[in-house]
Chemist: 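Take a look at this one; I'll ask things after.
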Amino acid sequence: MTDSVILFVFFVLGGSMLAQWTAWRFRLPAIVLLFSLGLLYGPVLQIMHPSEMIGSAFHPLVSLAVALIVFEGGLALDFRQLKEAGEGVLRLTLVALPINFLLGGLAAHYIGGMGWGPAFLFGSIVVVTGPTVVLPLLRHAKLKPRIAAFLRWEAILNDPVGAILATLVLEVLLMHPGEGSGTFFTAIIPHMLVSAILMIGLGVGTAWCVRWVCVRDLLPEIMKMPLFITLALMLYVVGTLSMDGAGLIASTVFGMGLANLRIPGMGELQRMKEALVVLIVSVLFVLLAADLQRHELASISWSIGGLTLAVLFLVRPLGIGLATMGSSLSWGERFFVGWIAPRGIVAAAVAGIAGVRLEDAGYPGAGLVMPAVFAVIASTMILHGFSLIPLGRKLHLTLSNQPALAIVGANEWSTQLAQVVHTVGAPVLLVDSSAKDLKNAQTAGVPVLCAEVLSEEGAESLEERPADYLIAATPDAIYNGLVCAHLAPHFGHQRVYQVSPGIARLDQYRGLSRDARGKVLGQPGWNFTLLETLIKQGWRFVAKDVTEENKERLLMENSDFLIFLVIQKGAAITVVSLEDDAAPPFWPGLVAIGLMPPPATGQTA
């Protein structure tokens, strides 16, 4: 085993996964930690220089990885989202992009001190807001669906468009003497248009062929993910051979086609691809940051600093402001989108290639393109990464940042439970496919969702009102298990619970598989029939403040108080389950929610 392999496994893979976990655990922007880790490995400690370690294959491998990222991003672009966000998306991708290109070029020339050629190359590169940065940020931000759709569509669609724009600018700048406007309009532009149209058709056609094969059961499930990844990479290679940037169009359109053609089984495969992309993005950011040279960082001057500030506070906000004039976007949405525009891997890759070619051609100031682009990337990742959630909350563009509980199944006892949780002040959502069963909860002011959670509409509605924990509380134990198994990849397997299916069915070998159900709510004996019987006998859900005086009594096995939830107001919800390894927190200041018998009878369970 060579030293380079050891460095890659321990420092890049191990370090990137540790950074991702740290970001998740402490709610930090993972991209910032990954970029900082790469800078530490490369320019600071000089432990590794990936392009020297990997050699000439480094940039092609980065390009293939980017193709997988935009393909997975395309899978997230459902055309049904355009019903509400369509106008804003079109303005961000068709109107704002050329405005930002023009303003970015002017800023690079007058503030950054670049010649006109390198200046407009810089302007074409920084219009890209990459999905490698935006999508990970959106996963943790809990933005409202409309504003999240704006940023998602812009990032994914602008990636290939920005790469093609940079290629167009570069081709114009590298034209030989004597090749004037005739060559531009008769050769370059037609070639780009034809290549783009062909790649769109190829991406859609490939997606149709995949659907034809899948619906006729001509492809085993185990081959679907390898085939989709292979096709995405092949489309990227074919498109790139036609024109730089066209490969990104083909991969993106292929992903969009798969997402919108309703291919069976795509939900599970998409989650697998998301996990793969998390690994790819983590590794790429560490490697690209580690590949920076000290002299490149040292070349960041006051003029580049001023250019970076201009891009952050002038170019992007002004471009978005002009593009969205007269639109239905609120001022808060316009301000938010004008600020949030982190650049990512595509910008870095294009700058690394185009800047060198322009410098070799002898353009004055071309050597400033690479450090200027990386200054923008680093600044936007740090500033936008840390400010996205606080700014979204300030502008009321986020959903509740408090942990929320979803209860599936509206019946007498689950409605009571939801009402008490709502009264305590914790976010709760009661879900059922019957509007009649939800009526009592709705009358009491409890947020409700009338939908079938196993349908596409129900899953999308649940995403728009995100919860952190789920309890399946219907009378059907098999249905409860199906709900938990279906939604576990979204919530996490440790955060989905269901009413006990009965002690006998919890046998690890002969009973219901743990992968096919949620964790048991409370004690194994608390099945639906028991809870329904207790409610008929007069038991009621109540909330009790935990104090030093009562905490021991509430936890006694023979207590009349059957604890279901422990809530730390505004901070945490703990669903009590015997299957949890650790005991639930129980200290003064918390609120315990559970069942109590009617005062007159004093019954115990």
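Computed from a prediction, not measured in an experiment: that's the story for all the values here. Values below: all heavy atoms of this structure, side chains included; hydrogens, waters and symmetry mates excluded.
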Chemist: When rounded to the nearest 0.5 angstrom, what is the spacing between CD1 in I229 and CG in L64?
Modeler: 12.0 Å
Chemist: Any idea which heavy atoms bring L395 and G332 closest together, and the distance?
Modeler: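 Closest approach of L395 to G332, heavy atoms only: CD1-O, 3.5 Å.
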Chemist: State, to 0.1 Å, how close S282 and L34 come at their nearest heavy-atom pair, and which atoms those are.
Modeler: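 The answer is CA-CD1, 3.6 Å.
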Chemist: Nearest 0.5 Å, what's the CG-CG distance between L284 and L68?
Modeler: 9.5 Å
Chemist: Hey, are the side chains of V376 and F122 touching, using non-hydrogen atoms and a 4.5 Å cut-off?
Modeler: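 Side chain of V376 against side chain of F122, heavy atoms only: contact under 4.5 Å found.
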Chemist: Can you confirm whether more than 12 heavy atoms, excluding those of R216, are under 6.0 Å from its CZ atom?
Modeler: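 Counting other residues, nucleotides and ligands, CZ of R216 exceeds 12 neighbours.
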Chemist: Once rounded to the nearest 0.5 Å, what's the spacing between atom CZ of R316 and atom OG1 of T380?
Modeler: 10.5 Å
Chemist: Could you pull out the closest heavy-atom pair between T308 and A375, with the gap in Å?
Modeler: OG1-CB, 3.5 Å
Chemist: In a table with atom names and distances, give each donor-acceptor pair under 3.5 Å that connects a side chain of residues 200-212 to protein atoms at least two apart or in another chain.
Modeler:
unit_1	atom_1	unit_2	atom_2	d
T206	OG1	L202	O	2.7
R211	NE	L261	O	2.9

Chemist: Are more than 12 heavy atoms, taken from residues, nucleotides or ligands other than L218, located less than 6.0 Å from that residue's CG atom?
Modeler: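 Yes - once you tally the heavy atoms of other residues, nucleotides and ligands closer than 6.0 Å, there are more than 12.
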Chemist: Distance-only, no hydrogens or angles: does the H493 side chain make a donor-acceptor pair with backbone N or O of A488 under 3.5 Å?
Modeler: no
Chemist: Tell me whether H384 contacts the main-chain N or O of I340 through its side chain, where contact means a donor paired with an acceptor under 3.5 Å.
Modeler: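 Side chain of H384 to backbone of I340: no pair is present.
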Chemist: Parallel, tilted or perpendicular: which fits the ring planes of F11 and Y41, with parallel below 30° and perpendicular above 60°?
Modeler: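 Perpendicular.
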Chemist: Salt bridge check: are R91 and E333 linked by an N-O gap of less than 4.0 Å?
Modeler: no
Chemist: List the atom of A67, the atom of Y236, and the distance in Å for their closest heavy-atom pair.
Modeler: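 For A67 and Y236, the tightest heavy-atom pair comes out as CB-CG, 3.5 Å.
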Chemist: Keeping the roles fixed (side chain from S455, backbone from E452), state whether a donor-acceptor pair exists under 3.5 Å.
Modeler: yes
Chemist: Quick one: are the ring centres of Y469 and F491 less than 6.0 Å apart?
Modeler: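 They do not qualify: ring centres at least 6.0 Å apart.
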Chemist: My understanding is that only residues two or more places apart in sequence, or in another chain, count here; which of them pass side chain to side chain donor-acceptor pair (under 3.5 Å) with T230?
Modeler: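 With sequence neighbours excluded, T230 shows a side chain to side chain donor-acceptor pair (under 3.5 Å) to no residue whatsoever.
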Chemist: Quick check: do V315 and V126 have side-chain heavy atoms less than 4.5 Å from each other?
Modeler: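 SC-SC contact between V315 and V126 ruled out.
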Chemist: According to the interplanar angle, ranging from 0 to 90°, do the rings of F35 and F285 count as parallel (below 30°), tilted (30 to 60°) or perpendicular (above 60°)?
Modeler: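 F35 and F285: perpendicular rings.
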Chemist: Calculate, to the nearest 0.5 Å, the distance between atoms CG and CD1 belonging to L248 and I69 respectively.
Modeler: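 Taking CG in L248 and CD1 in I69, the distance rounds to 10.5 Å.
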Chemist: Which pair of non-hydrogen atoms, one from G319 and one from L103, has the smallest distance, and what is that distance?
Modeler: N-CD1, 3.9 Å
Chemist: Working to the nearest 0.5 angstrom, can you tell me the gap between Q20 CD and W24 CH2?
Modeler: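 If we round to the nearest 0.5 Å, Q20:CD and W24:CH2 are 12.0 Å apart.
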Chemist: Could you check W339 against I320 for side-chain contact (heavy atoms from CB on, under 4.5 Å), going step by step and ending with a plain yes or no?
Modeler: CA-CA 9 Å; W339 169 246; I320 296 298; over 6 Å; no
Chemist: Decide yes or no on side-chain contact (heavy atoms from CB on, under 4.5 Å) for L276 and M225, but give the supporting numbers first.
Modeler: CA-CA 11 Å; L276 177 63; M225 183 175 176; 4.1 Å; yes
Chemist: Taking the side chain from T398 and the backbone from L143, do they hold a donor-acceptor pair closer than 3.5 Å?
Modeler: no
Chemist: Is the backbone of I147 close enough, under 3.5 Å, to the side chain of R152 for a donor and an acceptor to pair up by distance?
Modeler: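 Absent.
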Chemist: Are any non-hydrogen side-chain atoms of L312 and S379 less than 4.5 angstrom apart?
Modeler: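 Yes, close enough: below the 4.5 Å cut-off.
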Chemist: With side-chain contact (heavy atoms from CB on, under 4.5 Å) as the test, would you mind laying out the steps for L13 and L279 before giving the verdict?
Modeler: CA-CA 8 Å; L13 282 178; L279 179 62; 3.8 Å; yes
Chemist: Do N100 side-chain atoms and V127 backbone N/O form a donor-acceptor pair below 3.5 Å?
Modeler: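 Judged by distance alone, no pair lies under 3.5 Å.
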Chemist: Could you tell me which non-hydrogen atom of V134 sits nearest to which non-hydrogen atom of P342, and how far apart they are?
Modeler: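 Minimum heavy-atom separation between V134 and P342: CG2-CG, 3.8 Å.
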Chemist: So do the side chains of R393 and P390 get within less than 4.5 Å of each other, counting heavy atoms only?
Modeler: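 Side chain of R393 against side chain of P390, heavy atoms only: no contact under 4.5 Å found.
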Chemist: Enter the distance from N260:CG to M256:CE here, rounded to the nearest 0.5 Å.
Modeler: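 It is 6.5 Å, given to the nearest 0.5 Å.
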Chemist: Can we call the ring centroids of F101 and F120 under 6.0 Å apart?
Modeler: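 Aromatic pair counts; centres sit under 6.0 Å.
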Chemist: Quick one: side-chain contact (heavy atoms from CB on, under 4.5 Å) partners of A451, sequence neighbours excluded?
Modeler: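 A451 satisfies side-chain contact (heavy atoms from CB on, under 4.5 Å) with L449 once adjacent residues are dropped.
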Chemist: For side-chain contact (heavy atoms from CB on, under 4.5 Å), just list the numbers for L288 and F58, CA-CA rounded to whole Å, side-chain angles, deciding distance to a tenth of an Å, and then say yes or no.
Modeler: CA-CA 10 Å; L288 287 174; F58 178 66; 4.1 Å; yes
